[in-house]
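Structure first, then comments.
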Amino acid sequence: MALLEIRNVVRRFGDFTAVDGVSMSIEQGEFFTLLGPSGCGKTTLLRMIAGFDSPQSGEMRLDGQDLISIPPEKRPIHTVFQSYALFPHMTVAENIAFPLKMRKVPKEEIRQRVSDSLEDVRLADRGGRYPNELSGGQRQRVALARALVNRPRLLLLDEPLAALDMKLREQMRLELINLQKEIGVTFIYVTHDQTEALTLSHRIAVMNGGRVEQLDEPSKIYDSPKNRFVAAFIGTCNLVEAQVVAADGEKMILEIKGLGEVAARNPGASVGETGTLALRPEKIRLGAHLVPELDENHFRGKVRDFLYMGDVTVYIVEVGEGEHIEALLPNSAAGRPRIFAAGDPVDIAWRYDAGSFLNG
Amino acid sequence: MGKNLGKWLISGPPVLYLVVFFVIPTLIMVLASFRYPGEYGGLAPIMRHDASGAHINLTLESYQEYFSDFIYSWLFLKTLAYAVITTFFCLVMAYPLALLIAKSARKYRDLLVLLVILPFWSNFLIRIYAWMIILGPQSVFSQLLNGFLGLFGIDPVRLLFTPFAVVVCLIYVQLPFMVLPLYANLEKHDPALLDAAQDLGANGWQRFWRVTFPLSLPGIYAGIALVFIPVLGIFAVPDILGGTRGIMIGNLIKQEFLEARDWPFGSALSIVLTVSAMIIVGLAALAARRRVGRDV
């Protein structure tokens, strides 16, 4: 049995449907991420799981027990809020002791567990400080410690790293992964940051317009997006309009306007169907002169523009009649910042199974 | 240099105003409390000339008089009691009101605050006289109350010209001064804190006592100061509604200046009042700081 079972949950605000028939089941011990742009319904869904909001229809079960009828304070679910919501009038230790006091845990045990908890988040010497005396990263760790101290069945995290600067965010990601592994509590993590979602999660539900667009492991989401939205939202992607002209078993031939025919993996499409070919820039080979390999699509083009990113450069290559394909190369050549300049003639090539054909 | 000049230009006028109309009068009053009353009211000269030459004409007589008769201290304690009762009831009544306004939809808040300060738009004395009518023996309120008491065979009570009338009106007059600072504080509370408390297992009662209330302490202290201190010196309310039993220290000070024409004693009473108020507020602030630990 899944830990949390969500079935056809709907939440409307007036005319606006924030969550539109969402279903998912989350397993014990999972690091599960709700990913989507703002307004996609991920936060509303999280608030319903926490109990601050309730669905107009649908079912939510925790360990098989109905969740909707239980008030938030009685749910074995805690939340790490985006703003951390640490109590400013309580010390760090008092903040962490709060959920234990609410559960009427004996005083001696509270003392012990708070000090263990402070140890876990490496704040043993900060117990007597007030939240406003801590750095952003330390506050973040206090919020985590407070939400985990009485071992909830489920921990909800609402964009907990959004307020931190990038270096700290990367460091906290690792800490989160380790923490979750160590304590085995199920995490539901809400974010609009795809990198965060890909690094942290066991599974990701990509949400848009109140619906789940795709629910899968990170690598599946990235490599085999189910539709145009997922392909465009996660990472960068060349999205090219295409029509199926021949399909045979594993392979098919697509006609792309201005470019010609390309081979692609056949997801089971039929001849005549139109759709989008999604092609990740890093799956495309790029070079001054490429020797065509078996099963490759090969085109000659010209560097039109580039985006220098430090470690890599993204080249926008003009091929065929006005079609633009993004491809990237690491800036690995010693002695110069990048390989090509604007105007350089180049070859691009990709295997037929490098991209995916999305209908619609 | 130029920056300092700007500072002085901006802060100069208010400082000057306070020096001329607050600091100097206060010092004059401190001096007056050590002088002799003049023969026909006012003050006797500071220098006295007689056969043996010039003497400084100062005395502790006014303070001796204050401490020689317990009635003055008693009146002072009674005033203190009125102020404490008034402050207590203002707090108890203003807190839920301020909370309600702070939690109501943003578009109604300004209107509700306006309603709280609406009484200020009519004259202070008129509002006190209104209470004379409300509490008078012929008023609907008095008649209903006495009719009710009559059912149980209790003799009719008089409401007007009693300490009760004074305290009721003091609460009425001071209530907005408690509501406003409380509202200003409560309105700023981050609703996420209440969500967090609930999420971590706190029920409604615990959320109030462990989050809302402690965070509102600065507002409570401000409200207490704004209600308590003015009540100590007030004289119009007891003058109009208190009769002889409802008199407060403010009435005595006024009498000493205007009727008894004993300026030194009136000044001494004022100074005892001011110093006591400062000590009380200072001790309260000290205790408060110890309890809260730090500002929020």
Side-chain angles (χ1 to χ4, degrees), chain A residues 43 46-47 49-53 70-105 128-133 139 142-152 154-160 163, chain B residues 91 94-95 98-99 102-108 181-225 284-296:
Chain A
T43 301
L46 197 77
R47 287 182 65 82
I49 298 169
F52 297 121
D53 205 343
I70 302 173
E73 64 266 34
K74 299 247 167 74
R75 297 185 185 192
I77 298 174
H78 290 340
T79 308
V80 175
F81 292 84
Q82 187 172 1
S83 61
Y84 313 144
L86 298 178
F87 303 122
H89 57 297
M90 298 182 198
T91 61
V92 167
E94 286 166 346
N95 263 284
I96 297 175
F98 187 86
L100 300 172
K101 277 186 195 153
M102 295 301 107
R103 290 282 143 89
K104 306 249 180 327
V105 174
R129 296 294 184 87
Y130 285 86
N132 65 355
E133 296 171 312
R139 280 181 219 179
V142 176
L144 267 171
R146 186 178 68 172
L148 284 169
V149 71
N150 64 5
R151 295 291 136 105
L154 193 55
L155 184 74
L156 311 178
L157 301 104
D158 184 7
E159 310 232 7
Chain B
L91 180 60
Y95 204 107
L99 200 57
K103 298 232 160 168
S104 57
R106 191 163 285 277
K107 55 182 171 180
Y108 299 122
L182 274 176
Y183 164 73
N185 172 289
L186 290 167
E187 191 241 6
K188 281 186 305 197
H189 286 198
D190 179 2
L193 294 178
L194 290 179
D195 278 356
Q198 186 172 20
D199 188 76
L200 296 167
N203 61 32
W205 189 248
Q206 290 167 323
R207 292 200 288 282
F208 177 76
W209 284 111
R210 291 189 178 265
V211 180
T212 305
F213 183 76
L215 286 175
S216 69
L217 283 174
I220 292 177
Y221 297 142
I224 287 176
L286 210 67
R289 188 174 308 164
R290 200 157 293 164
R291 245 205 81 184
V292 184
R294 63 186 305 102
D295 263 352
V296 174

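What you see is a predicted model, and the numbers here were worked out from it, not measured in a lab. Chain naming here is simple, since letters A, B, ... match the order of the sequence lines and numbering starts at 1 in each.
- The contact between A/Ser83 and chain B is made entirely by side chain atoms (from C-beta outward), counting heavy-atom distances below 4.5 Å.
- Contact of A/Leu156 with chain B is not made at all, since no heavy-atom distance falls under 4.5 Å.
- A perpendicular orientation is assigned to the rings of B/Tyr95 and B/Phe208, their planes being inclined by more than 60° (bins at 30° and 60°).
- In this structure a side-chain-to-backbone donor-acceptor pair under 3.5 Å is missing from A/Arg75 to A/Leu154.
- Side-chain atoms of B/Ser216 never come within 3.5 Å of backbone atoms of B/Gly219 as a donor-acceptor pair (strictly under, hydrogens ignored).
- In this structure, chain A has a heavy atom under 4.5 Å from the side chain of B/Arg207, while its backbone stays farther away.
- Residue contact with chain B, scored on non-hydrogen atoms closer than 4.5 Å, involves the backbone and the side chain of A/Arg146 alike.
- With a 4.5 angstrom heavy-atom cutoff, B/Gln198 touches chain A via backbone and side-chain atoms both.
- In this structure, NE2 on A/His89 lies 8.0 Å from CG on A/Asn95, to the nearest 0.5 angstrom.
- In this structure, B/Gly201 and A/Met102 approach most closely via the heavy-atom pair O-CB, 3.6 Å.
- Neither the backbone nor the side chain of A/Leu100 has a heavy atom closer than 4.5 Å to any heavy atom of chain B.
- Residue with the most contacts toward chain A among B/Asp190, B/Leu194, B/Asn203, B/Val211: B/Val211 (heavy-atom pairs, distance under 4.5 Å).
- Nearest heavy atom pair, residue A/Tyr84 against residue A/Pro160, reads CE2-O, 3.6 Å.
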